[in-house]
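Just so we're clear, the structure is a prediction, and the values are computed from it rather than from any experiment. These values consider heavy atoms only, across backbone and side chains, with no hydrogens, waters or symmetry-generated copies. Position 1 is the first residue of the sequence, and the numbers go up from there.
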Amino acid sequence: FAVSTPAIVGICLGASLFLVLTAAVTCVCYRRRSHWSQGHEKLGGLGKPRGSGDKPLAMQQHPRPCPRRPTAVKSPAGGPPQYLKKSPSPTGPGKSPPGATTPSPTKDARTPPGGHHGGGTSPTGIPGPGGATLPVAPAAAAPAEPARLYTESERSAVQPALQSAPPVSKEELDANEKNARRQQQLLTEPGQLGQLTFKLRYRQDKSTLVVTVVKCKNLPAKDPGLGSCDPYVKLQLLPDKQHKVKTRVLRKSRDPQYDEDFTFYGINANQLQSITLHFVVLSFDRYSRDDIIGEVFCTLSSVDLSNKDNHQQMLTKNILPRSLKIRSQGRGEILVSLCWQPAANRLTVVILKARNLPKMDVTGLADPYVKMYLLVGGQRVAKKKTHVKKRTLNPVFNESFVLEVPAGAEGLESVSLEFLLLDWDRVTKNEVIGRLELGGSRCTGSALHHWNEVCNSPRRQIAEWHKLRE
């Protein structure tokens, strides 16, 4: 009979598969038999002398692993091992300018003299039995004072002494507040924050404006421990806010002398009338935001720069506090809408808009935004903020936020809201224009009326205008 081509192909594939399976089974059986025979040979050769030619299996003996030595932290440049250290404070004792190396107590205690760990006798250890290194305290290091642990009797004796301290009376608190207000009023007087001296020169042939920051005089002390400050000056051109420069930091000086030139290119003569120089004097702080001492504005339209001899004009102006313009104009109002949903333990807040804000920039405008906090029992548990509205004194936000009230809070009795309206600034710290508190013990006036209405009318959206306060 005739056999078709597909049948022949199927028979060939089946035969090939059978041969492959047979070869695999044979290989597995052979490997198992060889392992079994090698095991028997090892058991039979245990009594043979060491000089015999039979070798034990390498997999049967597991050497004891050596303890892993810790890897030292090395410098990326390939130098000796380094230890992390905290940067020294520029206002603390023994401070050094940026870039200067300061010995670290951690490095001195762990790194031998010479800055390397190789060769010689290390002062941090001596050889012990078995090649181990025993730690030894450095000879020059002072003994550290051990931490004291108080017993129950000592603690019971100390606590009554602390509790018996006389409480601060209300009269003392009022006197402290009056003194603080008096000092703040003294600082707002002209010349109390010091003076700034600078020079101006305009070169019409090259369309350049040269501003020289000469010096500051009689600056207030921002570091009470040293009675000094670490001042520097920032400068920008308004209203564009594009050219931003700053001087170097001079340490421990209330009368810094800078003499630094800043050249601004591409400024035509017809642009000088609309340009205002904005100086901000700050005190450097390494571990927090720099303290703002004050600011100085100089409108170029009030200065005669048409000098053909290119002589510099020297000007000296009093440094004014940043909050002075807010006090003279008021803080404005904000429109807020609230809705309390007791079933879901949820408070919906809609920040609608603000109006009549103070002029924060020389351009007569501001860059406002709102930051909101949810407080439960006086503690902040949530934070929200709106987008920044550029160059406006009557911003419209229309932003809604849903705040989940913790389950432990019964209703809105221990809940309050805090609103901060700020002016955004690229160069310096964002300044608080005003604040509003809804709920809590310090809520009064229209804010208290609004909060009570929200608590008594759940599931209703209630909106009211509120004046911003300091």
Side-chain angles (χ1 to χ4, degrees), residues 288-289 323 326 330-358 360-361 365-426 428-470:
S288 62
R289 285 198 174 187
S323 59
I326 301 179
R331 299 180 181 273
E333 298 175 285
I334 186 172
L335 178 60
V336 179
S337 177
L338 304 179
C339 178
W340 165 237
Q341 302 175 13
N345 242 21
R346 185 177 299 166
L347 182 64
T348 304
V349 181
V350 182
I351 301 177
L352 297 171
K353 55 185 176 180
R355 65 187 180 188
N356 302 328
L357 299 182
M360 304 300 294
D361 297 337
L365 301 174
D367 302 326
Y369 71 98
V370 179
K371 188 183 294 185
M372 176 182 61
Y373 295 97
L374 172 66
L375 294 88
V376 177
Q379 300 293 328
R380 293 177 176 177
V381 298
K383 179 180 71 172
K384 303 289 183 180
K385 65 178 180 179
T386 67
H387 294 84
V388 179
K389 300 299 179 179
K390 297 292 188 68
R391 299 186 178 184
T392 177
L393 299 180
N394 300 284
V396 178
F397 299 103
N398 279 336
E399 297 190 33
S400 177
F401 304 97
V402 178
L403 303 175
E404 301 290 340
V405 178
E410 299 179 358
L412 297 178
E413 294 180 359
S414 60
V415 178
S416 60
L417 295 173
E418 182 181 4
F419 299 87
L420 297 178
L421 198 146
L422 301 97
D423 176 52
W424 178 83
D425 198 327
R426 186 187 301 273
T428 60
K429 180 180 177 181
N430 298 338
E431 188 173 359
V432 178
I433 298 177
R435 66 178 67 239
L436 169 67
E437 293 185 12
L438 295 177
S441 58
R442 294 183 295 181
C443 181
T444 57
S446 62
L448 180 60
H449 176 267
H450 188 190
W451 186 255
N452 291 334
E453 192 173 357
V454 170
C455 296
N456 298 330
S457 304
R459 296 178 297 278
R460 282 185 55 194
Q461 200 80 28
I462 303 174
E464 277 192 25
W465 283 98
H466 300 280
K467 287 187 177 181
L468 298 171
R469 62 178 183 84
E470 185 176 356

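Scanning both residues, D367 and V388, for their nearest heavy atoms gives O-CG1, 3.8 Å. Between N356 and N394 the shortest heavy-atom distance is N-OD1, 3.0 Å. Of all heavy-atom pairs spanning P406 and N345, the tightest one is O-ND2, 3.4 Å. Residues G440 and S416 share a closest heavy-atom pair of N-CB, 3.8 Å. Closest non-hydrogen pair, C443 versus L438, comes out as SG-CA, 4.1 Å. When every heavy atom of V350 is checked against every heavy atom of S400, the shortest pair comes out as CG2-OG, 3.8 Å.
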With side-chain contact (heavy atoms from CB on, under 4.5 Å) as the criterion, how do T348 and W340 come out once you've worked through the C-alpha distance, each side chain's angles and the decisive distance to 0.1 Å?
CA-CA 7 Å; T348 304; W340 165 237; over 6 Å; no

Could you give me the CA-CA distance, side-chain angles and deciding distance for K371 and L422, then say whether side-chain contact (heavy atoms from CB on, under 4.5 Å) is met?
CA-CA 8 Å; K371 188 183 294 185; L422 301 97; 3.9 Å; yes

Derivation of the side-chain contact (heavy atoms from CB on, under 4.5 Å) call for L374 and V415
CA-CA 7 Å; L374 172 66; V415 178; 3.5 Å; yes

Taking it one step at a time, do N430 and Y369 satisfy side-chain hydrogen bond (donor to acceptor under 3.5 Å, both in side chains)?
CA-CA 10 Å; N430 298 338; Y369 71 98; 3.2 Å; yes

Verify salt bridge (Lys or Arg N to Asp or Glu O under 4.0 Å) between R469 and E437, making sure each step is shown before the conclusion.
CA-CA 9 Å; R469 62 178 183 84; E437 293 185 12; 3.1 Å; yes

Could you walk me through whether I334 and L436 pass the side-chain contact (heavy atoms from CB on, under 4.5 Å) check?
CA-CA 9 Å; I334 186 172; L436 169 67; 3.9 Å; yes

Show the numbers, then the answer: is there a salt bridge (Lys or Arg N to Asp or Glu O under 4.0 Å) between R380 and E418?
CA-CA 9 Å; R380 293 177 176 177; E418 182 181 4; 3.2 Å; yes

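Looking at heavy atoms from C-beta onward, T386 lies in side-chain contact with F401 at the 4.5 angstrom threshold. With a 4.5 Å cut-off on side-chain heavy atoms, V349 and L403 count as touching. Counting only heavy atoms from C-beta outward, the side chains of L338 and L417 approach each other to under 4.5 Å. Residues L421 and F419 have side chains not in contact (no heavy-atom distance under 4.5 Å, counting atoms from C-beta outward). Under the 4.5 Å side-chain criterion, counting only non-hydrogen atoms from C-beta, N398 is in contact with L352. Within the 4.5 Å cutoff, the side chain of K385 has no heavy atoms near those of the M372 side chain. Within the 4.5 Å cutoff, the side chain of L412 has heavy atoms near those of the W451 side chain. For the pair L357/P395, a side-chain contact is recorded, criterion being any heavy-atom separation below 4.5 Å from C-beta on.
Partner C339 forms a side chain to side chain contact (heavy atoms under 4.5 Å, CB included) with one of Q461, R346, R460 and no other, that one being Q461.
Under the 4.0 Å criterion applied to side-chain N and carboxylate O atoms, E333 and K467 are not assigned as salt-bridge partners. No salt bridge links E399 with K384; every basic N to acidic carboxylate O contact stays at or beyond 4.0 Å.
Judged purely by atom type and a 3.5 angstrom limit, H466 has no side-chain atom pairing as donor or acceptor with the backbone of H450. R331 places no side-chain N or O within donor-acceptor distance of the main-chain N or O of L468, the cut-off being under 3.5 Å.
L335 contributes atom CG, which lies 6.5 Å from atom NZ of K353 (distance to the nearest 0.5 angstrom). Atom-to-atom distance recorded for F397:CZ and I351:CD1 is 7.5 Å, nearest 0.5 angstrom.
Judged by the 6.0 Å and 45° rule, K389 forms no cation-pi pair with W424.
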